Structures are given as structure tokens and as C-alpha cells.
Enquirer: 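Sharing a structure below in C-alpha cells format, with a few things to ask.
Ligands are counted one by one from 1 in listed order, and the atoms in each one are counted from 1 as well. From a predicted model like this one, the values you see are computed outputs, not experimental measurements.
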Amino acid sequence: MEHTFLADLLANKLANTGVDVVFGLPGGENVEVLDALRRRGIQFVLVRNESSAIFMADTHARITGHIGVALTTLGPGAANAYAGMAHAWLDRSPVLLITAQSDPKLIGKYTHQMLDLQNIFRPISKFTAPITPESANETIEDALAMTKSGRPGPVHLSLPASLALNQINNLLEAVSPPPRTAARDNVESIDRAKNILTASRRPVIITGLGLEPEKPYPQLRKLAESLHAPVIDTPKSKGALPADHPLFAGMLGVTATDPAYKVLDESDCIIAIGFDVVELVKPWSQPQSLIWISNWENQDPRIDSACELVGNLNNILDALLDVTPNVDEAWGENQVSAWREAHHPQPTVDPAPNRVFPSDVLDSIREHTPPEVIVTTDVGSHKIFTCLHWQALRPNTFFVSNGLSVMGFGLAAAIAAARQTRKPTICITGDAGLAMVMGELALAVELDLPLIVVVMNDSALDLIRFAQKRKNLQVFGTEFANPDYEKIAAGFALSFARITNRNECDLAVTTAIASRKPTLLEVMIDPAGYR
Ligand SMILES: Cc1ncc(C[n+]2csc(CCOP(=O)(O)OP(=O)(O)O)c2C)c(N)n1
Ligand SMILES: [Mg+2]
């Protein structure tokens, strides 16, 4: 039997699972693993902050259908990755985090940088374990399989530098791709679902974060059209049905009064596809019959359902296509067009002088970018507005942290998306969110990405300032001074424009898209337009 180093075993198993890139920021304790990745031909993207590595691994996974992998050092690097892991946990992302760890022989004698990483990551991961020479094979394979089995989520492995060059048996067989949930025998439930659908006069479909990597988009569209069912999406499934489809009825998940609740509340039957209540900002309390269709069990928390279909989404939706609907005349396309007219008011006032409304920014981007443009958003007032109003025309082209809603996600996600797809990509971020992760701008230039970073300059944590105003509190601790973004852009060698009106926005977006160069657009936003 051939022998190999533990670090190489790890690199081999990653490569055999289809991993071709790792995002991270190493410490001295990672250099053996880093070198094993290099020798195995796995690319390494050096981030400027560890949580960015996990946001990138997450986005990479959602785009490729593979798992995403991040690497950090022990104590401080792992601690810095915590927000990223928490995002992967609540946003259901198949990410593997590999950290270093101190030499196990020194436990109890040496404490420098030593944290109990298994106890730290256990509450926010599906699996966390140290890699040891004795059980490396099983541990690594279990971790890889766990990322995608059932509801996807993050896993964590730690490898001490002192063990990375341990020689062990090299079991070189290909690692089979992580299994999805074994499909249940859905025969009875399919019949039951068909009966519910045949009796329904006002069915509605709600999609959620669990549509990738199966991409049941053609079936979703066929099912909606055959049932005349309006389709409501969530931030993480925007574009599942294109926003210009006559049955697209808006999005749920950013406020307690999202306009799409009107359509949902009027329905008599809900078909939930890949849906996860972690995306909603209020408890689920819909009384209608619910047909649960997902790749994982309805649990944690379970929502009331009349019927559950668990397994391959394409097969399940195909099996429902021959239902003969019995839908009210005023429902479907008619209901959706009435809803659209009622819920897309244009601003009736002008923005403040030399300021732009967010609706103008989104309209300008939509008008001057191709249908397949990728959009990411950070978290704040701009996220709520962008989720509600961005017209996503293609599936899996909109990326947002919604389960955790963590600031700092948007730029990293855009970098990973543009890197992988080379498609025009737009990151919409608040000024506070960008300040948290500004260093990652360097990566956009290093990787020469077709990326436009749109920073909404309002010199405030606007969402929090708005909460103060709504509660009649003083504005306190929520306003700040911004840097000179033109100089920031020059320092990072990004193209730059400052935008104070719609025409400037049109020109800047057109120029940036044509150049395919990383660009920073500073939009002088009038936050009154968010409300
Ligand atoms: C890491 C993190 N810290 C704090 C928050 C709470 N929070 C949500 S929105 C927000 C304000 C964001 O400000 P900015 O990025 O400027 O966006 P704006 O609301 O101004 O559009 C804050 C502090 C959060 N979601 N994530
Ligand atoms: Mg702001």
C-alpha cells in the first residue's frame, strides 16, 4: 500500500469530490495543507478577512452545485470565520471549513492561540471533528457527505500542523459525491397532493432557498402555468420564475408586511417548494392546506402541512404536472396583474438635491445590464429595497445573506460569483457594510473581475437610524463620516464614478459594463426613497 501525508490525503479527497478552489487566509499552522492543495492543483483565493472566505465558498457552492471550501488558521482565524460559519448554518450552505489546531500533545500545557474549536463550532455546524491519523479517511468522508445530506449546511475539520506530515495509508479511491436525502416512497403523497390541487380554487406556489443544485426551474414554470398558480419567491430564490412572467407575484421574507402576503393570504392552497421559514422575519401562521415539496424533511421547525413530498424536486414536480385544475376565473394571471398595479407605486416626490432614489439605481441597472447579470446585496435598508424591487430574470443570479442577514456578505459573494461565472456582476452595498470588508476590493482587481460595486452613501446605518425614528428616539450612534471613495478607488486601482442623478447612473453603469473592469460607483442616495 502506498503511503502519503495526512495533508495530501485531505487535498486528494477534496479534489476527488470536485473541489478546484479553496478560499482562505492561512496562518503558520496551515502551510503544509496549503502546499498539499498547491501540489494537487487546487487553486487558492487569498481573502482579506476569514468570514469573506466562507461567504465566497457559499456563493461558489450555490453557483457550481459542488461544495465550497474555506481555510483558516487556528484560534484567531477560526474566530474571525465565525460570522461566515453562522451564515452558512442559517443560510443552509454546503461549506467545509478547514482550520489548523494546536498540537494535541500540548493540550493542558500550552495555551497560546488555543481555542476549543469543536465546542465553538458545534452549535452552528452539522459536523465538527479533528482530523487524526487513525481516523482521517472516515472523518473527512463523513464531513464531505454531511454538507449536502438532508438540509445542506456547514461542517468543520481541524488539522494540527504537527500531524499534517504524518504518513498514513493512501486510500485513493474516488470519493463518491455526497448523497442527497434518499427519496421517500412518495406514491401515496403524490395522490394526496393531486387531490388537494384538483380541489383548490386559488393555489399559490412559494419557492425558497432549497432549489439549487437541482434547478427544477422548467418544471416549476410548467406547474405554475398548468395550475394558473401565482409564484411568490424569497430573497434566496429570486429569479426561480423570472420577474417578468405573468404569474410572478413578488417576494416574501424581508418585512412583516411584504406586499406578496396579500396574494398568499387570498390563496386556499400553498405549494411550498424548497421553502425554509428561516427566510421569514415573522412566524409562519398560514392556515391553508400546504403541500411540502423539498429535498429534506419538514422539520426544525416543522410547519403544518397537509401532505409532504421529500426527494428529487424534478421528479416530484413532474409527477404533479397532469393535475386538471379547477381555478377561479379571477385567480392566476388576473390576480397577479391586479396585485402588480396596486403594489408598484412610483415615487411622487423628487429626491433631495444631488441625491438619487434607490428605485432609479435599480431601474438603471436593470435597463443597462443583460438578463443574466448577477446581483448581490449586503444587509441594511438597501437590502430590503433590493430584495423587494430587483427584477431577477434568471434563476440563481441573486445572492444575499437572509437566514443570518450578516453585514459584509455582499462584496465577498459578488467576487466569488464574478470569479466563477465571468458574467457581469453587481454588488449593492451600504456604506457601513462596505467599510467592514473594504479590503476585499483588492481581490476584484487582482482577479480582474467584471464587477461593479455600488455603494449607497447615506453616511448612516440607515436601517437602524430608521428604527430610532420610528420609535421616536433620537438619532444617536447611527451616523458616521464616509471616506473619500474616489481616493479609495484610486488606491485599489478601481474605476470610479460618483452619482448624483439618474443620467449619471445610466452613463456609469453602461461604461462599467462595457469595460468589464472592476468599478466602484458611489451613489449619493436619498434614503427617503427606501420607505
Ligand atoms: C455583522 C452585522 N452587524 C450588525 C448588523 C445589524 N444591522 C443590520 S442593518 C445595519 C445597518 C447597515 O448600514 P449600511 O451598510 O450603511 O446599510 P443601510 O442600512 O444604510 O442601507 C446594521 C448595523 C448586522 N445585520 N450584521
Ligand atoms: Mg448606510
Enquirer: For G433, counting its heavy atoms only, list the atoms of ligand 1 lying under 4.0 Å from any of them.
Expert: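 Heavy-atom distances to G433 below 4.0 Å select 15 (O).
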Enquirer: Atoms of ligand 1 less than 4.0 Å from D458 heavy atoms?
Expert: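 Checking each atom against D458, I get 20 (O).
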Enquirer: Which atom pairs, one a donor and one an acceptor, fall under 3.5 Å between side chains of residues 473-480 and the rest of the protein, sequence neighbours left out?
Expert:
from, atom 1, to, atom 2, distance (Å)
T478, OG1, Q468, OE1, 2.9
E479, OE2, R465, NH1, 2.7

Enquirer: Out of all atoms in ligand 1, which are within 4.0 Å of some heavy atom of V379? Include the element for each.
Expert: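 Counting atoms of ligand 1 from 1, those under 4.0 Å from V379 are 9 (S), 12 (C), 15 (O), 17 (O), 25 (N).
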Enquirer: Under 2.8 Å from the Mg ion (ligand 2), is there an N/O/S atom belonging to A432?
Expert: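 Looking at A432, which is the residue asked about, there is no N, O or S atom under 2.8 Å from the Mg ion (ligand 2).
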Enquirer: What's the shortest distance from atom 9 (S) of ligand 1 to any protein heavy atom, and which residue and atom give it?
Expert: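 Nearest protein contact, heavy atoms only, for atom 9 (S) of ligand 1 is G380 CA, 3.6 Å.
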Enquirer: Heavy-atom distance to atom 22 (C) of ligand 1: which of M456, H87, M407 wins?
Expert: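 Result: the heavy atom closest to atom 22 (C) of ligand 1 is in M407.
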Enquirer: Compute the shortest N/O to N/O distance between D378 and ligand 1 and return yes if it is under 3.5 Å, no if not.
Expert: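 Checking ligand 1 against D378, no N or O pair falls under 3.5 Å apart.
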Enquirer: Does the pair R62 and D58 meet the rule for a side-chain contact (heavy atoms from CB on, under 4.5 Å), with working shown?
Expert: CA-CA 6 Å; R62 289 192 74 87; D58 159 48; 3.9 Å; yes
Enquirer: If you take the nearest heavy atom of each of S381, P527, P358, which one is closest to atom 18 (P) of ligand 1?
Expert: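 Nearest heavy atom to atom 18 (P) of ligand 1 lies in S381.
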Enquirer: Geometry only, no angles: is A460 polar-contacting ligand 1 at N/O separations under 3.5 Å?
Expert: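 So ligand 1 has an N or O lying under 3.5 Å from an N or O of A460.
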Enquirer: Checking side-chain polar atoms at under 3.5 Å, does S52 have a donor or acceptor matched by the opposite partner on E440?
Expert: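 Looking only at side-chain atoms, E440 and S52 do form a donor-acceptor pair, the distance falling under 3.5 Å.
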Enquirer: Does the distance from a Lys or Arg side-chain N to an Asp or Glu carboxylate O, for K236 and D276, drop under 4.0 Å?
Expert: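 No salt bridge links K236 with D276.
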Enquirer: Which of the numbered atoms in ligand 1 are under 4.0 angstrom from any heavy atom belonging to D462?
Expert: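 It comes down to these atoms of ligand 1: 18 (P), 19 (O), 20 (O).
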Enquirer: Check whether any side-chain heavy atom of L521 lies under 4.5 Å from a side-chain heavy atom of V509, and answer yes or no.
Expert: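 In contact.
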Enquirer: Taking side chain as C-beta onward, heavy atoms only, is E50 less than 4.5 Å from Y82?
Expert: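 Sidechains of Y82 and E50: no contact.
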Enquirer: Can you check side-chain contact (heavy atoms from CB on, under 4.5 Å) on M436 and D378, steps first, answer last?
Expert: CA-CA 11 Å; M436 284 185 176; D378 209 64; over 6 Å; no
Enquirer: So with a 6.0 Å cut-off around CG of D304, is the heavy-atom count from everything else above 12?
Expert: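 Result for CG/D304: open.
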Enquirer: Can you tell me the protein heavy atom closest to atom 11 (C) of ligand 1 and the distance?
Expert: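 Heavy-atom neighbour on the protein nearest atom 11 (C) of ligand 1: L461 CB, 3.7 Å.
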Enquirer: Show which atoms of ligand 1 fall inside a sub-4.0 Å distance from at least one heavy-atom site of A432.
Expert: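 Under 4.0 Å from A432, ligand 1 has these atoms: 13 (O), 14 (P), 15 (O), 16 (O).
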Enquirer: Salt-bridged, K282 to D258, with N to O below 4.0 Å?
Expert: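 D258 and K282: not salt-bridged.
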Enquirer: With heavy atoms only and a cut-off of under 4.0 Å, state how I464 meets ligand 1: side chain, backbone, both or neither.
Expert: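 Side chain only; the backbone of I464 stays clear of ligand 1.
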Enquirer: Which ligand 1 atoms, with their elements, are less than 4.0 angstrom from a heavy-atom of H382?
Expert: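 This gives 17 (O), 18 (P), 21 (O) as the contact atoms.
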Enquirer: Got the closest protein heavy atom to atom 25 (N) of ligand 1, with its distance?
Expert: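 Residue, atom and distance for the closest contact: S405 O, 2.9 Å.
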Enquirer: Can you tell me which residue and heavy atom of the protein come closest to atom 16 (O) of ligand 1, and the distance to 0.1 Å?
Expert: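 In this structure, atom 16 (O) of ligand 1 has D431 OD1, 2.6 Å as its nearest protein heavy atom.
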Enquirer: Looking only at side chains, do Q101 and S158 share a donor and an acceptor under 3.5 Å apart?
Expert: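 S158 and Q101 do not have a side-chain donor-acceptor pair below 3.5 Å.
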Enquirer: Can you classify the ring geometry of F55 versus H87 as parallel (below 30°), tilted (30 to 60°) or perpendicular (above 60°)?
Expert: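 Aromatic pair F55/H87 classed perpendicular.
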Enquirer: Give a rough value, rounded to 10 degrees, for the angle at the Mg ion (ligand 2) between atoms OD1 of D458 and OD1 of D431.
Expert: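 Angle OD1(D458)-the Mg ion (ligand 2)-OD1(D431): 90°, rounded to 10°.
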Enquirer: Taking only heavy atoms of L463 into account, list the atoms of ligand 1 that are under 4.0 Å away from them.
Expert: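 Selected atoms, number and element: 9 (S), 19 (O).
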